[in-house]
Amino acid sequence: MLLRVPQVLNADELKQMRLLMAKAEWVDGKVTAGTQSAQVKRNIQLPESSLEAEAARKIVLTALSRNALFFSAALPKKIYPPLFNQYRDGMDFGAHIDNAVRTHALTGLHVRTDISCTLFLADPDSYDGGELVVEDTYGQQMVKLPAGDMVLYPGTSLHHVRPVTRGARLASFFWLQSMIRDDAQRTLLFDMDAAIVTLRQEVGDNAAVIRLTGNYHNLIRMWADT
Ligand code: NI
């Protein structure tokens, strides 16, 4: 499932992010790439240990923790500490699949990359190109979202970022390990949760809604790895 999560960051958080990005020092993005992806990765990143990256990570993680849509879609078990990148002056990232397991250098945390996330930080009118192109079951999906919006897609997807030919594309990107490893099971649970929320709003908590809610939790109990 490829899903857009709108307005993960509010205007104030975006402003803080951009101030942090503007004063930070950037390094070659190859520092966190695998062997194959390093050959096709042309962008710059904030070093994971920089003070600006630490402050920006806190803003992203706080925003994720209050986002019900993100939680319902991802059912996160472990989140890799968010990274930050920038594409400008023709930079791009050729076709690749993200490494299956990411190990965080500072903490030794292992995260199986069930879901890849990109949180857009720049106004889409401020740059040309920079679309994230994801090979989905239904063909290529081009993603370029308003600042503050995020896209989630399966970590198994082949994807690339098109060259940025004007301005700068700023984003946060990270991976997460879900309590529900399988994308099809996770998608089913997400759809079921959304249907139950709508039913509760329309008819309230009647006996059938209570049983359906129970089914949702019992499926999670059957499949979850916590
Ligand atoms: Ni990637």
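Just so you know, ligand 1 is whichever comes first in the structure, and atom 1 is the first atom listed for that ligand.
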Review point. Would you say the side-chain atoms of Lys41 pair up with the backbone N or O of Gly29, donor to acceptor, closer than 3.5 Å?
Key: yes
Review point. Under 2.8 Å from the Ni ion (ligand 1), how many protein N, O or S atoms can be found?
Key: 3
Point to revise | Pair Ser116-Asp98, side-chain donor/acceptor within less than 3.5 Å | key: yes
Exercise for review: Would you please say whether a donor-acceptor pair under 3.5 Å links the side chains of Thr32 and Gln45?
Suggested key: yes
Check your understanding: Can the ring centroids of His159 and His96 be said to lie less than 6.0 angstrom from one another?
Key -> yes
Point to revise | salt bridge (Lys or Arg N to Asp or Glu O under 4.0 Å) contacts touching residues 136-159 (sequence neighbours left out) | key: Arg4-Asp149
Review point. Any luck finding a side-chain donor-acceptor pair between Ser72 and Asp193 under 3.5 Å?
Key: yes
